[in-house]
Number of protein chains: 2
Amino acid sequence: MTTIVRPETIRRQNRSTVLAALRADGQMSRTKISQITGLSAATVTAITADLISANVLISLTDADHTPSPRGRPRVVLGFNPEFACIGVIALQLNKISVSIRDYQGASIAEDTTNILTRELSGDQLLSALSSLFEKAMSDVTCQPLMHIAVGVQGTTDVTDKELLWSPITREMNVPIAEHFTKLFGVTASAHNDCNMIACALRYNEPEIYHSDFAAILLSHGIGMGLYQNGHLVKGKYSSASEFGHMVHIPDGALCRCGRHGCIEAYAGDYAIIRRATCEDGQSSPIDDIRYELLDQVLQNAGENDADALAAYQEAGEAIGAGLASLYALIDPFPVAFIGSGTRAHTLMDDAINKAVGSSQFNLPSIDTSFRYYLEETPLITTGCAITALKVIDENIRTSLLLEKNRSLQSVG
Amino acid sequence: MTTIVRPETIRRQNRSTVLAALRADGQMSRTKISQITGLSAATVTAITADLISANVLISLTDADHTPSPRGRPRVVLGFNPEFACIGVIALQLNKISVSIRDYQGASIAEDTTNILTRELSGDQLLSALSSLFEKAMSDVTCQPLMHIAVGVQGTTDVTDKELLWSPITREMNVPIAEHFTKLFGVTASAHNDCNMIACALRYNEPEIYHSDFAAILLSHGIGMGLYQNGHLVKGKYSSASEFGHMVHIPDGALCRCGRHGCIEAYAGDYAIIRRATCEDGQSSPIDDIRYELLDQVLQNAGENDADALAAYQEAGEAIGAGLASLYALIDPFPVAFIGSGTRAHTLMDDAINKAVGSSQFNLPSIDTSFRYYLEETPLITTGCAITALKVIDENIRTSLLLEKNRSLQSVG
DNA sequence: CTATTTATTTTGAGGCTCGAATTAAAGACC
DNA sequence: GGTCTTTAATTCGAGCCTCAAAATAAATAG
């Protein structure tokens, strides 16, 4: 059954529309908000007045002056940077990055540390996260902290609270959100890193990545963030969209997850090293990142070493076959490849393209382009920031009504 | 940007909620509608009054009398069977089934014919469809025809208008909806048969098949209808969710689609026959259904014939690997297998279960049960009927406002 | 025949958006 | 400098919609 609609639901929904429009562009005049959302000028005035009196939005005086040579100058509205700040944490294998941002999304404080994450217990890992975070927060005084978003390699639960499984730790079911909520008294959330990358790409380049696309992370493991129909694909129970664990070769090479024949068991860094060094596909995957080995494989491939080339070819075939299956399921879409694995993309492109093959139909103008992004960490951080800001925007949507009533009471 | 909401949008939305609630149960008192939807009694009165004056709903006097021993008896409302009728067509290989239903969904007229569909041109196929349909319609006089829904093996476009590709005809891009709209002056739609099966299962057994499940058709080809998050999964361009054409064995057996290694090339009827008769996996798939051959294979398997058993085992492995990949993408879900292929399910179950393997996580209470349904045609027909009725319900949602204004004008 | 019970309908208050009219705040022009 | 023009934003009244509370309807119980 669909949710029913009440008169006050209208305002909530339209407030949300206004905030989303602003979040996409950063700042806008009331008139432009009206044009973009389709709401009447009168309604935009009412909604923005609410938001301004709640300190969410402010008039930006330092706006551009060129556009309209005559008439009353437009007043550009934007998010009040002092309304809130958010915490953003990227948790990767042996590396933790923290960033504090204001409500406009600008960075206030940052810090990064290297630590052997797989050596830590779940509690130790959480402590490491929160102490680095606390250190960064010590620089911040003026804005109240409102949300903490953690992007992490691995699978989180569908409610974005818990790390169910991750290659960066031996521990399962690490209660990330609960830990931060207890410690700092604000809501927190844990997200799959690739989902955050996809979110960031959509924010940075909406003209390319909008309703249907995938972000595939090529690093020690293989991850994917998938947008379908304008929405991030999550599972019923977990963050899911585990592209790397789709079956490539039944009973094939041993995967880090313990099963056999996963795409990752051919395309992950460890798999490429394993294949290039002629190890048996059934030998145990190495847990730690061995950049020097991978660099060696890449260099060998450049010198036409047969095993190194075969390793990349087989990796490409695995990725290509996985994409072909996905294309069968939900039609072709553009793909962004992210991470250190993209350094070798020219060695895999042919195999990927061959495996993807041609679609059954001659549909017009399907974008199946591939693009490459070397650095994943800034994308994870941006994605977490956008996600955290939207959590706050969402809270404003539902709660502002109460604030308004309260102020009315105090006035009346 | 999300769509904005206006006051009249509320009524539309809530009207839709009421119609959906009624469509699920068939009939209900106003009080029960209020309970189920959460709308107040006053609002339900207003909305149902609109719908009754528009002849969409009627009071059903013949309702059950037991429930409330005292008090004013409830008035049960239901769809007015004479408000409209719909056309439903199931188009399968060499078989066309037509059914006319009233607005309650009850069958008024039916007909079925066998015809060699692959021998027909696109135009001939359309003529065959519409002449059988016209014959069935000749029995109907009292209700106006409002929509025709066609369920068809193959891929349709995402707007449900056109048959892009189908195993039942050599023609591509057959404009089914356009043909019927021209001929009968009503809207029409074309849907993938497995999507209709999934829709029917969801209608018939909502307690099992609700937000996340799949219907997999095992017949000459392998198709799937997939619900995720309560919505039917479609592609960006096509009806998609082509489970049968996910890659099972890269460069493997030849598929009907011309590519190699698809799941269907191992699990479709033709593939099972091919394997059981020891033909090369690269030999051309047979186009027509050969029941006698398939019966023979099934019988041989029962007598422990090694090739027949291997054929079913490999089919099970293909289906299982596909499911494992899907489970990696969107978490495990219950599956309904439909069609003649289910006769052999005991021969495939072990292989399917082994290939699916165990999930990475110990998530509580995930329903991954398999259920079997031999007959697909009644499910396709039911699904089309529900779909067509919902098209009408949707039209009512958006258009009733106009009617009301008109009557107000004539009154005032 | 009256009291009780349950189902609907009616009524009035309050929220929301919108179009039209109004006010605000510039530059253009003489 | 004082109007005219232009564009932005606000105010106001009309029209929808939902809801809670009160009123009405239609049975059974006693």
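Chain A is the first sequence line, chain B the second, and so forth, proteins listed ahead of strands; every chain is numbered from 1.
- Contact between the side-chain N/O atoms of A/T31 and the OP1/OP2 oxygens of D/dA9 is found at a separation under 4.0 Å.
- A/F79 does not carry A/R101 over the face of its six-membered ring by the limits of under 6.0 Å from the centre and within 45° of the normal.
- In this structure, B/N14 CG and B/T37 OG1 are separated by 7.5 Å, a value rounded to the nearest 0.5 Å.
- Within 6.0 Å of NZ on A/K390 lie no more than 12 heavy atoms contributed by other residues, nucleotides or ligands.
- Here B/S29 does not reach the OP1 or OP2 of C/dA7: none of its side-chain N or O atoms lies under 4.0 Å away.
- When the nearest nucleotides of DNA chain D are assigned to A/P7 and A/V44 by heavy-atom distance, the more 5′-ward of the two goes with A/V44.
- Put simply, the side chain of B/R70 and the base of C/dT6 share no donor and acceptor less than 3.5 Å apart.
- Side-chain contact check for B/D212 and A/Y237: no donor-acceptor pair (N or O, by modelled atom type) lies under 3.5 Å.
- Between C/dT8, C/dT17, D/dA26, one nucleotide has an atom nearer to the side chain of B/V75 than all others, and that is C/dT8.
- In the set C/dC16, C/dT8, D/dC19, D/dC19 carries the atom at the smallest distance from any side-chain atom of A/I4.
- Neither side chain, B/H191 nor B/S239, offers a donor N or O lying under 3.5 Å from an acceptor on the other.
- Side-chain atoms of B/R74 lie closest to C/dA7 of the nucleotides C/dC18, C/dT9, C/dA7.
- Distance from the side chain of B/A41 is smallest for C/dT9 among the nucleotides C/dT4, C/dT9, D/dA9.
- Not a single donor-acceptor pair, N or O on each side, falls under 3.5 Å between the base of C/dA25 and the side chain of A/R72.
- Side chain of B/P73, nearest nucleotide from D/dA26, C/dG19, C/dT11: D/dA26.
- Rounded to a whole Å, the CG atom of A/L39 is 15 Å from the P atom of D/dA9.
- Look at A/N14 and you won't find any side-chain N or O under 4.0 angstrom from OP1 or OP2 of C/dC16.
- Closest approach to the B/T45 side chain among D/dA8, D/dC17, C/dT9 is made by C/dT9 (side chain taken as heavy atoms from C-beta onward).
- Within the structure, every side-chain polar atom (N or O) of A/R6 is placed at least 4.0 Å from both OP1 and OP2 of D/dC17.
- Taking atom CD1 of residue A/I33 and atom C1' of nucleotide D/dT10, one finds them 15 Å apart after rounding to whole Å.
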